[in-house]
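Below is one structure, written out as structure tokens; comments come after it.
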Amino acid sequence: MEKIRILHTNDLHSHFEHFPKIGRYLRAAQKDKSVDQVFTFDAGDFMDRSHPLTDATYGQANIKLMNSFHYDAITIGNNEGISNSHCVVEKLFDHANFPVILANLREEDDSMPHWAVQDKILLTKKGTRIGLIGLTAAYPLSYEPNHWHVKMLKETMDSVLPKMKGQYDVLILITHIGLNMDNFLAKNYPEIDLIVGGHSHDLLPHGKKVKNVWITQTGKWGNYVGDTYMEIDDNHHVQKITPHVEPTSLMKSKPDDEKTILGYRQKGKEILSHELVADLPEKYDNDREAALQVSMDAIANFAGTKLAMLSSGLFLTPFKKGILTKYDLQRALPHSMHVVRSTLKGSDLWRLIMEIEKNRHFLDQFPLQGMSFRGKIFGQMYYKGIKFDPMSRVVFVNGKEVDPYQEYQIAVLDHYVLVPFFPTLAIVGDNDFLFPQFLREVIGDYLAKKYPLAGSENNGRANEQQKS
């Protein structure tokens, strides 16, 4: 009988506060002599550019730390594949000491990305062949504008599995597709023995068995580490799989942990603080509404529209007067969101505004999580070029009553297409997702042109900051 121990993480999202504990736990478990072999996997979203160090290093700090975790294989999540530009992803794994398994993402010419392999066979010390397939969330609306071709899950599995037939004894999927889709795979592909999953942030303390397939997932942010045991007979057939998770909160701390964790953030802050963006006048000093107005101007300019909308909860901090740095922007707008140019008929634009106004008071203090949002509450919605008369329920566009038959273009965010509050955008909007710049980068570029550093009264101070 062969005993295999499988350690796994998912959706770490740059929560470096857990990394010292997780690293020690993994390295100790990898030396476990009570089993024949230990493998370590990650199921994606290991990085999140809401953390200043990840943002400043374009994820290279994450790669360095993950190397120290000694992964045997990983797959990518949407935070790697979508929240980074194509060129950043192409270089992300240049210094990785682990393979990236990814069967359903291709370059635009349908070739395999140079940094990934479709599948992999691991050979254990006792001769068991473990087949690995990696899958990421199939989001064509987001991947295609970022110059990737993402394949649907069934199409991928139906293509890959026949090619792997006879090459493995045990089949493990490393997926970043969410529990619902993991359930689908388990029900339709009985060849699978184990799915190491992520994306939906589900905590499965003892796994979930669907038909004869075990699914594991450890929640989010490194709050838990997966620890799954597998028993394989002498004919290399799986006899037993026992998944469980270990709470990071119960792992021992060390005196230097806090200093290390603070150091990650401080290093990111230092790098971003040296990248100067603009010199803002007095009117922006701690004025959230002023920040909202100029930000709507920025996304409208970027999208080539006269209309725009943004919500106040996006701004974790207002802007300040004087020199604005990339750290200031990252702290104010940490979200991995992109601008969308939505084309709507006037009647549909009217309906969208009705949805917003109906939900306005509900959303003002609504605690929101996920869908690229890294704040706390949704907040109030602001418009550029649009006014609403609550008494008559008339919508005005640039001073004129909306024409139900005319087409209008409005700059919004992919976030608003994803949230369930404004279905009109997702259902009837002709939405162009504009990549690769994040919201904060779009705003930063606009502010740099509107309030340039060169020639400003703070230019001397800016030069000193750059020298330091």
Starting at [atom1] of [X], measure out to [atom2] of [Y] and round the result to the nearest 0.5 Å.
X      : Y      : atom1 : atom2 : answer
Asp119 : Gln167 : CG    : CD    : 7.5 Å
Met66  : Met47  : CE    : CE    : 10.5 Å
Thr128 : Asp234 : OG1   : CG    : 9.0 Å
Met309 : Ile356 : CE    : CD1   : 4.0 Å
Ser311 : Arg360 : OG    : CZ    : 10.5 Å
His114 : Glu107 : NE2   : CD    : 7.5 Å

[X], [atom1]: over 12 other non-hydrogen atoms inside 6.0 angstrom:
X      : atom1 : answer
His244 : NE2   : yes
Arg374 : CZ    : yes
Lys326 : NZ    : no
Gln369 : CD    : no
Asn212 : CG    : no
Phe98  : CZ    : yes

Worksheet item: Where does the angle between the aromatic ring planes of His15 and Trp221 fall among parallel (under 30°), tilted (30 to 60°) and perpendicular (over 60°)?
Response: parallel
Worksheet item: Which of parallel (below 30°), tilted (30 to 60°) and perpendicular (above 60°) describes Phe378 and Phe422?
Response: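 Perpendicular.
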Is the backbone N or O of [Y] less than 3.5 Å from a side-chain atom of [X], with the two atoms forming a donor-acceptor pair by type?
X      : Y      : value
Asp45  : Asn78  : yes
Glu2   : Ile232 : no
Asn10  : Thr218 : yes
Asp182 : Gly197 : no
His176 : Gly198 : no
Ser142 : Ile82  : no
Asp432 : Ser342 : no

Practice prompt. Decide side chain to side chain donor-acceptor pair (under 3.5 Å) for Glu355 and Thr424; before the verdict, give the C-alpha distance in whole Å, the side-chain angles of both, and the deciding distance to 0.1 Å.
Written response: CA-CA 8 Å; Glu355 291 167 352; Thr424 292; 2.6 Å; yes
Ion pair check, [X] and [Y], cut-off under 4.0 Å:
X      : Y      : value
Arg49  : Glu441 : yes
Asp257 : Lys21  : no
Lys125 : Asp36  : no
Arg440 : Asp445 : no

Worksheet item: Taking only residues two or more places apart in sequence or in another chain, which ones pass ring-ring contact (aromatic ring centres under 6.0 Å, His included) with Phe438?
Response: His338
Worksheet, complete the sentence: Taken in chain and number order and not counting sequence neighbours, the residues that satisfy ring-ring contact (aromatic ring centres under 6.0 Å, His included) with His18 are none
Worksheet item: Does the side chain of Leu272 come within less than 4.5 Å of Asp55's, by heavy atoms?
Response: yes
Item to complete: Check each of Leu135, Ile101, Leu194, Thr75 against Leu173 using the side-chain contact (heavy atoms from CB on, under 4.5 Å) test, and report the only one that passes.
Response: Leu135
Fill in: Given Val160, Thr175, Val150, Ile177, the one that forms side-chain contact (heavy atoms from CB on, under 4.5 Å) with Asn104
Val150
Worksheet item: Can you tell me if His13 and Asp48 form a side-chain donor-acceptor pair at under 3.5 Å?
Response: yes
Worksheet item: Would Phe39 and Tyr71 satisfy ring-ring contact (aromatic ring centres under 6.0 Å, His included), going step by step from the backbone distance to the final call?
Response: CA-CA 7 Å; Phe39 294 104; Tyr71 287 104; over 10 Å; no
Practice prompt. Could you check Asp11 against His199 for side chain to side chain donor-acceptor pair (under 3.5 Å), going step by step and ending with a plain yes or no?
Written response: CA-CA 7 Å; Asp11 296 278; His199 185 50; 5.3 Å; no
